[in-house]
Amino acid sequence: MRKVVYGINLTADGCCEHTKGNGGADIHVYFTELLKEADLIVYGRKTYELMVPFWPDMAKEQSGPETVNNFAKAFDALDRIVFSKTLKSADDRTKIIRSNPAEEILKLKQQPGKDISIGGVDLPSQLIEQGLVDEFHFVIHPYLAGEGRRLFDTMKMPEQQRLQLVESKVLPSGSVALKYIKQG
């Protein structure tokens, strides 16, 4: 069975807004390696529109530093799904799905393939509530945002989910990458 893997950048005070983040070279290297374990990336509309066309364009142009270009290539190599009831069109590598995300993710987990990477906040929250996320990668950046959206601030879980820390790594920037797996 395929794993659903969630990765996100956070400030030390839990802010998850992309405008508050610090995406240095070591962060790009970390997430590039994570994407290499996947063959599908899944987003909700908001996150999709933040990522596409920016990263596919960056993959074509190769106009950034090597670590950014490598991330862009890894991102662009993946097939994509976006869950949206309002998005009219998507790029050639992306399939729009308008039905229930939990049902679709359950089907995808049963299919052969590598990991399913998910990102953003709203869609992952829905999948976590349903117990469908198997692995969590939280990269904690060494600063306080003081404001902004907090991770899972609107999530309503029917019961607590226990996670097991299986890896931690201090990155050169001082960010800490924490890898958890869902227990049980």
Side-chain angles (χ1 to χ4, degrees), residues 2-11 14-24 27-28 30-60 64 68 70-109 114-130 132-141 145 147-157 175 177-180:
R2 296 165 83 179
K3 291 185 301 186
V4 174
V5 177
Y6 178 44
I8 191 163
N9 290 297
L10 300 166
T11 63
C15 180
C16 58
E17 288 185 21
H18 75 281
T19 59
K20 310 288 188 209
N22 170 358
I27 305 302
H28 286 109
Y30 181 82
F31 281 106
T32 299
E33 292 305 311
L34 196 58
L35 288 181
K36 287 180 180 178
E37 299 299 317
D39 59 6
L40 177 65
I41 194 159
V42 178
Y43 292 131
R45 182 195 51 81
K46 290 177 192 174
T47 303
Y48 175 78
E49 289 178 334
L50 287 172
M51 302 297 278
V52 176
F54 181 83
W55 288 111
D57 287 349
M58 183 65 74
K60 288 178 192 80
V68 171
N70 289 342
F71 176 83
K73 286 190 284 189
F75 179 89
D76 196 44
L78 297 173
D79 289 327
R80 296 179 279 274
I81 289 176
V82 59
F83 285 97
S84 175
K85 293 184 186 329
T86 59
L87 191 65
K88 302 288 186 229
S89 64
D91 73 339
D92 293 343
R93 300 234 33 173
T94 304
K95 178 180 178 182
I96 300 172
I97 298 181
R98 302 191 191 286
S99 60
N100 182 309
E103 290 174 9
E104 292 297 327
I105 293 296
L106 276 171
K107 290 177 196 173
L108 290 168
K109 286 180 80 160
K114 294 168 73 175
D115 293 345
I116 301 166
S117 178
I118 62 170
V121 179
D122 293 332
L123 177 65
S125 294
Q126 293 173 42
L127 299 176
I128 292 165
E129 286 173 359
Q130 299 291 319
L132 295 174
V133 177
D134 304 296
E135 193 172 292
F136 300 79
H137 292 259
F138 299 119
V139 179
I140 312 300
H141 295 260
E147 64 180 6
R149 184 173 186 188
R150 298 300 187 257
L151 187 61
F152 308 138
D153 59 357
T154 61
M155 192 163 64
K156 307 271 190 280
M157 290 184 30
S175 295
L178 303 169
K179 176 183 176 181
Y180 292 93

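- With respect to D134 and R2, no salt bridge is recorded, no charged nitrogen being found less than 4.0 Å from a carboxylate O.
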From CA spacing to verdict: side-chain contact (heavy atoms from CB on, under 4.5 Å), I8, V121
CA-CA 9 Å; I8 191 163; V121 179; 4.0 Å; yes
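- Between the side chain of Y48 and the main chain of V42, no donor-acceptor pair closer than 3.5 Å is present.
- Proximity of V5 to L34: side-chain heavy atoms (C-beta onward) are separated by under 4.5 Å at one or more points.
- Pairs of residues two or more places apart, or lying in two chains, never qualify as salt bridge (Lys or Arg N to Asp or Glu O under 4.0 Å) while including a residue from residues 81-90.
- Taking the side chain as every heavy atom from C-beta outward, L123 and P101 approach each other to under 4.5 Å.
- Residue I140 holds its CD1 atom at 5.5 Å from CG of L178, rounded to the nearest 0.5 Å.
- Distance check: D122 CG to T154 OG1 gives 6.0 Å after rounding to the nearest 0.5 Å.
- Here the OG-CG distance, from S117 to L40, works out to 8.5 Å after rounding to the nearest 0.5 Å.
- Under 4.0 Å is where a charged nitrogen must lie from a carboxylate oxygen, and between K3 and E135 at least one such pair does.
- Formation of a donor-acceptor pair under 3.5 Å by the R93 side chain with backbone atoms of A90 is not found in this model.
- Here the side chains of V139 and L10 are not in contact, with every heavy-atom distance at 4.5 Å or above.
- The heavy-atom pair separating M58 from G64 by the smallest distance is SD-N, 3.8 Å.
- For the pair I118/I41, no side-chain contact is recorded, criterion being any heavy-atom separation below 4.5 Å from C-beta on.
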Are E147 and C15 close enough, and set up right, to give a side-chain contact (heavy atoms from CB on, under 4.5 Å), and what steps lead you there?
CA-CA 7 Å; E147 64 180 6; C15 180; over 6 Å; no
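- Rounding to the nearest 0.5 Å gives a distance of 12.5 Å between CG of N9 and NE2 of H137.
- Counting only heavy atoms from C-beta outward, the side chains of V4 and D115 never approach each other to under 4.5 Å.
- The backbone N or O of A102 lies less than 3.5 Å from no partner atom in the side chain of Q130, so there is not a single donor-acceptor pair.
- For the pair E17 (side chain) and R149 (backbone), a donor-acceptor distance under 3.5 Å is present.
- Between S84 atom OG and Y43 atom OH the span is 15.0 Å, to the nearest 0.5 Å.
- Relative ring orientation between F138 and Y6 is described as perpendicular, the plane-to-plane angle rising above 60° on a 0-90° scale split at 30° and 60°.
- When the shell of 6.0 Å around NZ of K114 is examined, it contains more than 12 heavy atoms from other residues, nucleotides or ligands.
- Residues F152 and S125 come closest through the heavy atom pair CD2-OG, 3.4 Å.
- Between the R98 side chain and the I96 main chain, no donor and acceptor come within less than 3.5 Å of each other.
- F71 meets the ring pair (Phe, Tyr, Trp, His ring centres under 6.0 Å) test with H28, W55; sequence neighbours excluded.
- Closest approach of D76 and A59 over heavy atoms only: CB-CB, 3.6 Å.
- Within a 6.0 Å radius of NZ in K46, other residues, nucleotides and ligands contribute 12 heavy atoms or fewer.
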Working for side-chain contact (heavy atoms from CB on, under 4.5 Å), residues R150 and C16
CA-CA 6 Å; R150 298 300 187 257; C16 58; 5.9 Å; no
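- Take R80 and apply the side-chain hydrogen bond (donor to acceptor under 3.5 Å, both in side chains) test, not counting sequence neighbours, and it matches D91, T94.
- Contact check on E49 versus R45 returns a salt bridge, with a Lys/Arg side-chain nitrogen under 4.0 Å from an Asp/Glu carboxylate oxygen.
- Closest approach of L78 and A74 over heavy atoms only: CG-O, 3.5 Å.
- In this structure, I97 and V82 have side chains that are not in contact, with every pair of non-hydrogen atoms separated by 4.5 Å or more.
- Atoms CD and CG, on E33 and N70 in that order, are 9.0 Å from each other to the nearest 0.5 Å.
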